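What you see is a predicted model, and the numbers here were worked out from it, not measured in a lab.
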Amino acid sequence: MKLLEKVINKAAHLLLHTESLKGYLEPLVQQFKPAWRAGFYRAKVIKIITLPANCISLELRPERSWPSHQAGQHVLLSCQFNGRLMTRTFSISSSQGQAERGNHIRLTIKTAKNGAFTSQLANELAVGDFVNLSEPMGEFLLPSCEPNSTDELFFIAAGSGITPFMAMLHTLAEREHIRTQNIYLCYFAKQGEHLFIDELTELKRFIPRLNVMFLVRKQGDSLASALKNVMPTSQVLICGPQQFKQDVDAVLNHFGHLSLNRQAEFFQTPLSNENNADIQQVTVLRHGQVTELLLTGNENLLNGLEQQGLSPNFGCRIGVCHQCQCIKKSGIVKNLRTGEQSDTGEQLIQLCISQAITPLELEL
């Protein structure tokens, strides 16, 4: 059955320029079932918890066929508000063990008063509602450690970047072989906005060598001081805004930490290191109409098209959900996540993480 599905999806990719046949049929099905999403799973909201710093935790009970996750992974959360289906990416803040014992997962979300999605989560979503979840995604995972390993492990978080580390710490608390491992959580946030303080205190009972530091940069807590114990072979995981990640990298590089022992996840779409401000001509084919535009080369294509008055499909805006995927008919783009440049021929691209290097022809 899986082989047949792979063959069908391969044919859909070659003939229909979509990742799967279900994805191609999605707009048609949504005419009758607006909340249906190809490749998504239904989940019931069983609890909503208000947290400091305009955050909420959603406890969700996915349908039984939802695949189990690994600590550090994220999901796409899709909800229908005012007749519009919206999707965003959020990290899971509970462990696989918690999901198996309690039959639910937790998403911890920073809400924004004027946010198109998160403000409605806080104001419209209620216990008993149903939402859609993707399968778990991402490679931001706990490093492999041998039993009784003494390699030190550093979690470096800023703001809501604490969420994947909560899943990891609960996972570590469920293991027996972490008794000899020093684990440091360096948690930066604004004064009064640290999350999970009581939960982290409780976790220290199960992880004897867990050191938790609640840090506030504006009160003089520096990255250099927080990371002074990092050794070149220490395993370091970083989660927070892009600029925070770059600041941490600079300190770790100065201390001689090996980048191969480091992994990171950050919030914003990566920006190109190049100052490519050249104006590029972009031809857009949509619904049988042709539009000629001039876009600056230092914008991702999604932002550039929106600034020109177009409204492409989009979801997460960080290159995960593929809702902004379109066909590049010709021209060269740069992938802002990998730095790779495309060839000149036809291919699928994601607008939110693509930058025009030459004139383009796009089919939305």
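- One hydrophobic cluster, built from ILVMFWY side chains closer than 4.5 Å, holds both Leu172 and Phe140.
- Distance CD/Gln80 to CD/Glu124: 12.0 Å, rounded to 0.5 Å.
- In this structure, His194 and Phe214 have perpendicular ring planes: the angle between them is above 60°, well past the 30° mark.
- Counting heavy atoms from C-beta outward, Val284 and Val290 have side chains that stay 4.5 Å or more apart.
- Screening Thr50, Thr163, Thr108 against Ser57 for a side chain to side chain donor-acceptor pair (under 3.5 Å) leaves a single residue, Thr108.
- In summary, Arg106 and Glu199 engage in a salt bridge, as defined by a charged side-chain N under 4.0 Å from a carboxylate O.
- Considering CG of Leu364 and CG of Leu285, their distance stands at 8.0 Å, rounded to 0.5 Å.
- Sparse packing is recorded around CD of Glu139, with 12 or fewer heavy atoms of other residues, nucleotides or ligands lying under 6.0 Å away.
- Checked against Tyr184 for a side-chain contact (heavy atoms from CB on, under 4.5 Å), the options Leu210, Asn211, Ile156 give a single hit: Asn211.
- The pair Arg262-Asp249 meets the salt-bridge criterion, since a charged nitrogen lies less than 4.0 angstrom from a carboxylate oxygen.
- Judged by distance alone, the side chains of Asp247 and Gln243 do bring a donor and an acceptor atom under 3.5 Å apart.
- One finds the CD1 atom of Ile162 at 14.0 Å from the CD atom of Glu193 (value rounded to the nearest 0.5 Å).
- For Arg101, the CZ atom is densely surrounded, since the number of other residues' heavy atoms within 6.0 Å is greater than 12.
- With respect to Glu135, the side-chain contact (heavy atoms from CB on, under 4.5 Å) criterion is satisfied by exactly one of Pro62, Pro67, Ser65: Pro67.
- At a threshold of 4.0 Å, the pair Glu306-Arg317 counts as salt-bridged, since one of the basic side-chain nitrogens sits closer than that to a carboxylate oxygen.
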